[in-house]
Amino acid sequence: MAKIILEQEKCIGCGTCQALCPKYWKMAEDGKAVMISEEGKEEKVEMEVKDISCNKDAADSCPVQCIRINDRNS
Ligand code: F3S
């Protein structure tokens, strides 16, 4: 399991996370990113995932680095 953490107040709404990882990320109506959990729930602060998968690409590519990954497998 890993925890994906979003510091939403830093998000500038560039949309890269959604473009690279649409399974877990989308843009909300307020122009900020939100996460979509494996249960399909919108999360604005953190979510647990079994597999980091494309969340790594989203975190690496976010221009303001507001996505963090806490990987307990490594
Ligand atoms: Fe926001 Fe970063 Fe995504 S700025 S829209 S969280 S890539």
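Sequence positions, counted from 1, serve as the residue numbers for this chain. Quick caveat: nothing in here was measured; it's all calculated off a predicted structure. For ligands, and for the atoms within them, numbers begin at 1 and follow the listed sequence.
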Visitor: Using modelled atom types and a 3.5 Å cut-off, is there a donor and acceptor pairing between side-chain atoms of E48 and backbone atoms of M1?
Guide: no
Visitor: Check whether any side-chain heavy atom of V49 sits under 4.5 Å from a side-chain heavy atom of Y24, and report yes or no.
Guide: yes
Visitor: Would you confirm whether N55, through its side chain, and I52, through its main-chain N or O, come within 3.5 Å as a donor-acceptor pair?
Guide: yes
Visitor: With a cut-off of 2.8 Å, does C62 put an N/O/S atom close enough to atom 1 (Fe) of ligand 1?
Guide: no
Visitor: State the atoms of ligand 1, each with its element, that fall below the 4.0 Å cut-off from a heavy-atom position in C17.
Guide: 3 (Fe), 5 (S), 6 (S), 7 (S)
Visitor: Just let me know how M27 lines up against ligand 1, side chain, backbone, both or neither, with a heavy-atom cut-off below 4.0 Å.
Guide: side chain
Visitor: Which heavy atom in M47 sits nearest to a heavy atom in M35, and how many Å separate them?
Guide: SD-CB, 3.7 Å
Visitor: Suppose I only count heavy atoms of V64 and a 4.0 Å limit; which atoms of ligand 1 are within that range?
Guide: 4 (S)
Visitor: Taking CD in Q65 as the centre, count heavy atoms belonging to other residues, nucleotides or ligands within less than 6.0 Å. Is the count above 12?
Guide: no
Visitor: Looking only at non-hydrogen atoms, find the nearest pair between L6 and A33 and report the distance.
Guide: CD2-O, 3.3 Å
Visitor: For atom 5 (S) of ligand 1, what is the nearest protein heavy atom, given as residue, atom name and distance?
Guide: G15 N, 3.3 Å
Visitor: Relative to ligand 1, is I12 under 4.0 angstrom through side chain, backbone, both or neither, heavy atoms considered?
Guide: both
Visitor: Look at the side chain of K32 and the backbone N and O of C11, then say whether any donor-acceptor pair between them is shorter than 3.5 Å.
Guide: yes
Visitor: Hey, which atoms in ligand 1 end up nearer than 4.0 Å to a heavy atom of A33?
Guide: 3 (Fe), 5 (S), 6 (S)
Visitor: Number the atoms of ligand 1 from 1 as they appear, then name those within less than 4.0 Å of a heavy atom of C14, with their elements.
Guide: 4 (S), 5 (S), 7 (S)
Visitor: Students should be able to answer this: which protein heavy-atom is nearest to atom 1 (Fe) of ligand 1, and at what distance?
Guide: C11 SG, 2.4 Å
Visitor: Check C66 against ligand 1 and report side chain, backbone, both or neither, counting heavy atoms closer than 4.0 Å.
Guide: side chain
